[in-house]
There are 4 protein chains.
Amino acid sequence: MKRDKPKYKQIVDAAVVAIAENGYHQAQVSKIAKVAGVADGTIYLYFKNKEDILISVFREKMGVFVENVKVILQKEISATEKLYKMIDNHFSLLHSDRHLAIVTQLELRQSNKELRYKINEVLKEYLTLLDSILKEGIEQGEFDEEIDIRLARQMVFGTIDETITSWVMNDQKYDLMKLAPEVHRLLLKGMKA
Amino acid sequence: MKRDKPKYKQIVDAAVVAIAENGYHQAQVSKIAKVAGVADGTIYLYFKNKEDILISVFREKMGVFVENVKVILQKEISATEKLYKMIDNHFSLLHSDRHLAIVTQLELRQSNKELRYKINEVLKEYLTLLDSILKEGIEQGEFDEEIDIRLARQMVFGTIDETITSWVMNDQKYDLMKLAPEVHRLLLKGMKA
Amino acid sequence: MKRDKPKYKQIVDAAVVAIAENGYHQAQVSKIAKVAGVADGTIYLYFKNKEDILISVFREKMGVFVENVKVILQKEISATEKLYKMIDNHFSLLHSDRHLAIVTQLELRQSNKELRYKINEVLKEYLTLLDSILKEGIEQGEFDEEIDIRLARQMVFGTIDETITSWVMNDQKYDLMKLAPEVHRLLLKGMKA
Amino acid sequence: MKRDKPKYKQIVDAAVVAIAENGYHQAQVSKIAKVAGVADGTIYLYFKNKEDILISVFREKMGVFVENVKVILQKEISATEKLYKMIDNHFSLLHSDRHLAIVTQLELRQSNKELRYKINEVLKEYLTLLDSILKEGIEQGEFDEEIDIRLARQMVFGTIDETITSWVMNDQKYDLMKLAPEVHRLLLKGMKA
DNA sequence: AATGAATGAGTTTTCATTCAT
DNA sequence: TATGAATGAAAACTCATTCAT
């Protein structure tokens, strides 16, 4: 399996760095190859085309978000606490990788519609996990049973996303992690029973 | 002033249509010119370059949003009601112009970072008005005085934006207007005192 | 009509020269543009893509062969004489344009199958005219009524083609025109009644 | 001698199949290696480069044509009959190997000029044998002593070649072998004393 | 002898912008 | 003002060949 070979990850990581430092449209395949320390042609031994690299970046990185949330879902804690841990995890992963934050919040969004639809497919799994937390919260009586799951999900994700994007656009100059409790409190107030 | 001449608006409107129907990357200057019914070169009598067209699209269209909210702010109604009217106005303007909705929610986001920074400048005026409503709500004791204005603004705008984007991505197949009250209720619950 | 504009012919002629002097695979679009004295992009105002240039070369040049033979067909002379004039015309047109001879006999044959099928379509019209001469000869009792038109056509065209290709491969160092009468005599002997 | 080792022939045969099935430009070295059941690198233990494979294909296959004609030349039969057997042999060898027919008549012709000059060198031996038959026919008084050997050879080979190419281009859907007598008759009529 | 992962040179085409009319 | 023909820079991808194992 190509995805398990070291060069695969090497190229994915190089793509994140190249895109973050040069911008989406200036991250030519040759630049990614250079950062990865391989020849241009080597890229195509591991990826079908440039789009495939970009989707892989998203899939590989988003995979960590998903895995973490799956673990959180298993914990014997309230939905309220799970929501907190999810927000904290989301902030934390992007806070600790400034390149990745730039890529997901700014650069990858200027990809073409086709690519973004594919990225959205990957994102869906994550949003489904969020839905699980919301449903659990409602079932447990923690969240208002009247709320529309879809709207609530959009509020939660929209708020998280907008918060991080603002932070990135402000050159990550304040401490994102400190915002987690307040974001959680705000969202919770809107949803709790 | 060029902006007042008929061809200026004609080109701006053509750009919205051309982008919505062909996609951001397929909306070449020559295509915009064709839709506008002018020669390619004429575009450059009214706009410095292609980016200038796109910013103008955003500025002109966002101008309506801003004007409407300014009127709302003047009204002698509670901050809670102003917030509702703002959400309703935002939904309404995009609901009634499907081309514009596609352009703002999907297409213009794949523009490069530079252009998006400029778009954000335009957006700032709108967000400042939102801040006014939030401050007023706090001062009037309608909203929780503990909330962080910036976060609250990100929650409100993030939720609105995410809701509309989902609607557009689902091909505008459900009634966006009907969501306004619930979005308002959710956001309000999160902020009210 | 683009084909009537001077630059169209200018580019077609440049393609013949560029291919003859550099070889099929070394005749890049930029080289053709340079020879034509236009910018690379200008090529694409007149031709859909590179293949379109090559087909056009063949179509334009073959057009002269066809036109001449059409005139020959109108003449009030025997089929035998028409065949002679056709051979003579064929030899003459390539003898007087050494670049074209190289292109049709050597270079264009290394194009891909798809392009060659298209070239063959163009060639068909020419071969149909040859068939007319053969049929007329048979009807007039000049040629053996037993001959298979298709085979005879293949013999005539195959012989002409092989003769010219040999001449080109020998760097056009002997006088092709002098071979016409003997080629005619040989072919005729094979076909006459 | 490498040419005698089994893998040499294995690769040459694989090349014929790979080219016939994929086309000249789509028959990459790696594809030939795959068909031959060897690693890419192994190819280079037996051939200098890709061109060397292609020339070898032509040389090996043409070798059979030449050997057969040499045997025919030894026979105690008239030049007229020798010519018939040569045509029959030529048709027969290509009729019985559809892959080879496609390769020699269509695919190998799109090789570059350099390669085709080398292929012509190999072809020369074959054409020299044809010349022997023609000379013999003239000396024996069977063929017209006035004919130009070179032209006659071009007529014979051009006709044979054109006939086979037409057959291949028509997807070998009619019986090529049946054409031999008529082709022979036509050519003979043109040359006989 | 055999392998196959890695290399890196090379070309068509698009499209924002200009400028002579 | 308005036109539109002409410009030319820029980038993804393929594949013959090598060489460490």
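Owing to the predicted nature of the structure, the values given are computational and were not obtained by experimental measurement. Chain A is the first sequence line, chain B the second, and so forth, proteins listed ahead of strands; every chain is numbered from 1. The analysis underlying the following values was restricted to heavy atoms, covering all of them including side chains, and did not include hydrogens, waters or symmetry mates.
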Undergrad: Measure from CD1 on D/I11 to P on E/dA1 and round the result to the nearest Å.
TA: 12 Å
Undergrad: Is the C/H25 ring parallel, tilted or perpendicular to the D/H25 ring (thresholds 30°, 60°)?
TA: perpendicular
Undergrad: When the distance from CZ of C/F47 to P of F/dA6 is rounded to whole Å, what number comes out?
TA: 12 Å
Undergrad: Counting heavy atoms from C-beta on, name the nucleotide in F/dA5, E/dT3, E/dA6 closest to the side chain of A/L45.
TA: E/dA6
Undergrad: Looking just at side-chain N and O atoms, do B/D161 and B/Q105 make a donor-acceptor pair shorter than 3.5 Å?
TA: yes
Undergrad: Regarding B/K7, tell me which of base, sugar-phosphate or nothing describes its non-hydrogen contacts under 4.0 Å with the strands shown.
TA: sugar-phosphate
Undergrad: Round to a whole Å and report the spacing from CD1 of B/I32 to C1' of E/dT17.
TA: 14 Å
Undergrad: Mind checking the CG-CG spacing from B/L54 to B/L108? Nearest 0.5 Å is all I need.
TA: 6.0 Å
Undergrad: Do C/Y24 and C/V103 come close enough that some side-chain heavy atom pair is under 4.5 Å?
TA: no
Undergrad: Between A/E121 and A/K118, is there a salt bridge with N-O shorter than 4.0 Å?
TA: no
Undergrad: May I ask you to decide whether D/D13 forms a salt bridge with D/K61, counting only side-chain N to carboxylate O separations under 4.0 Å?
TA: yes
Undergrad: Round to the nearest Å and state the distance from A/Y8 atom OH to E/dA6 atom P.
TA: 15 Å
Undergrad: Please check the phosphate of F/dC15 (OP1 and OP2 only) for any side-chain N or O of D/K31 closer than 4.0 Å.
TA: no
Undergrad: Starting from P on F/dC15, measure out to CD1 on D/I53 and report it in whole angstrom.
TA: 14 Å
Undergrad: Could you list, one pair per line, each protein nitrogen or oxygen that sits under 3.5 Å from a nitrogen or oxygen of nucleotides 10-14 of chain E, together with the distance?
TA:
from   : atom 1 : to    : atom 2 : distance (Å)
E/dT11 : OP1    : C/Q28 : NE2    : 2.7
E/dT12 : OP1    : C/K50 : NZ     : 2.9
E/dT12 : OP2    : C/V29 : N      : 3.3
E/dT13 : OP2    : C/Y44 : OH     : 2.8
E/dT13 : OP2    : C/K50 : N      : 2.9

Undergrad: Sort out the partner of E/dA9 for me: Watson-Crick or G-U wobble, both distances under 3.5 Å, none otherwise.
TA: F/dT14
Undergrad: Counting distance only, does the side-chain N/O of B/T42 pair as donor-acceptor with the main-chain N or O of B/V38 below 3.5 Å?
TA: no
Undergrad: Paired with F/dT21 by Watson-Crick or G-U wobble geometry, both distances under 3.5 Å: which nucleotide is it?
TA: E/dA2
Undergrad: Pick the closest DNA chain F nucleotide for B/I43 and for C/Y46 by heavy atoms, then say which residue is nearer the 5' end.
TA: B/I43
Undergrad: Output the rounded distance in Å from OH (B/Y24) to P (E/dC15).
TA: 13 Å
Undergrad: A/Q10 CD to E/dA5 P: how many Å, rounded?
TA: 16 Å
Undergrad: Tell me: CG of A/L115 to P of F/dA12, nearest whole Å?
TA: 14 Å
